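Here the structure is laid out as structure tokens; the discussion comes afterwards.
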Amino acid sequence: MFAAENGLKGDPRLEAISAAIRVVPNFPKKGIMFQDITTLLLDHKAFKHTIDIFVDRYKDMHISVVAGVEARGFMFGPSIALAIGAKFIPLRKPGKLPGKVISESYELEYGHDRLEMHVGAVEPRERVIIIDDLVATGGTLSAAISLMESQGAEVVECACVIGLPEVKGQHKLKGKPLYVLVEPSGLDELC
């Protein structure tokens, strides 16, 4: 579900967030309109709006874990976790975590990848939100859901700053709600 369809229609914070995201044509390859959140991070007001909207949504949902997907989920997850009194779990690419890990593979448009987390990072029945910067096909978030559920955790919702229009009608991901702040800009600029 998009934030504008969930009580935030016309909220000027959403416009500020959208305006702060730079669109980089043909990156990392031709035909891609890359949604660069580094410019959002440089705009302290838009960045604060982003965190505030997520915190407002999750502060009363008894969330015990915020899991952030590498690497851009790390930009938002810790701030949200601190504000709602939850722990933060980084979901990393292979070989980045020391110690014993569990992993989940997933498909990409151009191959395979894997997410890992430390064994024991999440406990059975803990309530989790998973955060990333952008959802396109949902493959990464699906892997994150599977990773959490394999340990007995309850994934309450997935949250992303940006969601492609194709996910607008897809309010669920592997049966879990999906909450998105804004749609990407510049998609109609490439021929």
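Keep in mind the model is a prediction, meaning the values are calculated, not measured. Any value given below was found using the heavy atoms of this structure, including those in side chains, with hydrogens, waters and symmetry copies removed.
In terms of heavy-atom proximity, R22 sits nearest to T39 at N-OG1, 2.9 Å. Residues S185 and V23 share a closest heavy-atom pair of O-CG2, 3.3 Å. In this structure, C158 and Y58 approach most closely via the heavy-atom pair O-OH, 4.3 Å. The nearest pair of heavy atoms linking F54 to A159 is CE2-CB, 3.6 Å. Of all heavy-atom pairs spanning L91 and A67, the tightest one is CD1-CB, 3.9 Å. When every heavy atom of V65 is checked against every heavy atom of A86, the shortest pair comes out as N-CB, 3.9 Å.
In this structure, K87 contributes its side chain and V122 its backbone to no donor-acceptor pair below 3.5 Å. Checked by atom type and distance alone, the side chain of S18 never pairs as donor or acceptor with a backbone atom of L14 at under 3.5 Å. Using modelled atom types, one side-chain atom of H118 and one backbone atom of P98 make a donor-acceptor pair closer than 3.5 Å. Using a distance-only test at 3.5 Å, with no hydrogens or angles considered, a donor-acceptor pair links the side chain of E126 to the main chain of E123. Judged purely by atom type and a 3.5 angstrom limit, R13 has no side-chain atom pairing as donor or acceptor with the backbone of A46.
Within the model, atoms CG of N26 and CE of M33 stand 7.5 Å from one another, a figure rounded to the nearest 0.5 Å. The line from CD1 of I17 to CD1 of I51 is 9.0 Å long, rounded to the nearest 0.5 Å. E154 contributes atom CD, which lies 9.0 Å from atom OG of S64 (distance to the nearest 0.5 angstrom). In this structure, CG in L8 is found 7.0 Å from CG in N6, a value given to the nearest 0.5 Å. Taken from CZ in F76 to CG in D132, the straight-line distance is 9.0 Å, to the nearest 0.5 Å. In this structure, C160 SG and L178 CG are separated by 6.0 Å, a value rounded to the nearest 0.5 Å.
Under the 4.5 Å side-chain contact rule for hydrophobic residues, V101 and M117 do not share a cluster. If you chain together hydrophobic residues whose side chains sit under 4.5 Å apart, I80 and M61 fall into the same group. Cluster annotation: M1 and L134 are assigned to the same hydrophobic cluster (Ile/Leu/Val/Met/Phe/Trp/Tyr, side-chain heavy-atom contacts under 4.5 Å, transitive). If you chain together hydrophobic residues whose side chains sit under 4.5 Å apart, L82 and I129 never meet in one group. Taken together through direct or relayed side-chain contacts under 4.5 Å among Ile, Leu, Val, Met, Phe, Trp and Tyr, I102 and L97 form parts of separate hydrophobic clusters.
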Legend entry - Stepwise side-chain contact (heavy atoms from CB on, under 4.5 Å) test for I145 and M148: CA-CA 5 Å; I145 291 167; M148 292 292 134; 6.0 Å; no
Inset, instruction - Apply the test side-chain contact (heavy atoms from CB on, under 4.5 Å) to residues K174 and S142: give CA-CA distance (whole Å), side-chain angles for both, the deciding distance (0.1 Å), then the verdict. - result: CA-CA 6 Å; K174 284 191 81 169; S142 292; 3.5 Å; yes
Inset, instruction - Kindly determine whether I130 and V69 satisfy side-chain contact (heavy atoms from CB on, under 4.5 Å), including the steps that lead there. - result: CA-CA 7 Å; I130 299 168; V69 177; 3.9 Å; yes
Legend entry - Full working for side-chain contact (heavy atoms from CB on, under 4.5 Å) between I21 and D36: CA-CA 6 Å; I21 298 167; D36 182 11; 5.6 Å; no
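Side-chain contact between I162 and I37 is present, with heavy atoms from C-beta onward closer than 4.5 Å. Side-chain contact check for V135 versus L141: some heavy-atom pair is nearer than 4.5 Å. With a 4.5 Å cut-off on side-chain heavy atoms, T140 and Y106 count as touching.
Cation-pi geometry between R57 and Y179 is met: the NZ or CZ atom falls under 6.0 Å from the ring centre, inside 45° of the normal.
Ion pair R92/E70 flagged as a salt bridge, since at least one NZ, NE, NH1 or NH2 atom sits closer than 4.0 Å to an Asp/Glu carboxylate oxygen. With respect to the salt-bridge test (charged N to carboxylate O, under 4.0 angstrom), the residues D43 and K45 do not qualify. Ion pairing of E116 with R114 is present here, as a side-chain N (NZ or NE/NH1/NH2) and a carboxylate O approach within less than 4.0 Å. With salt bridges taken as basic N to acidic carboxylate O contacts below 4.0 Å, one links D113 and K93. A salt bridge between K176 and E149 is present, with a side-chain N of the basic residue lying under 4.0 Å from a carboxylate O of the acidic one.
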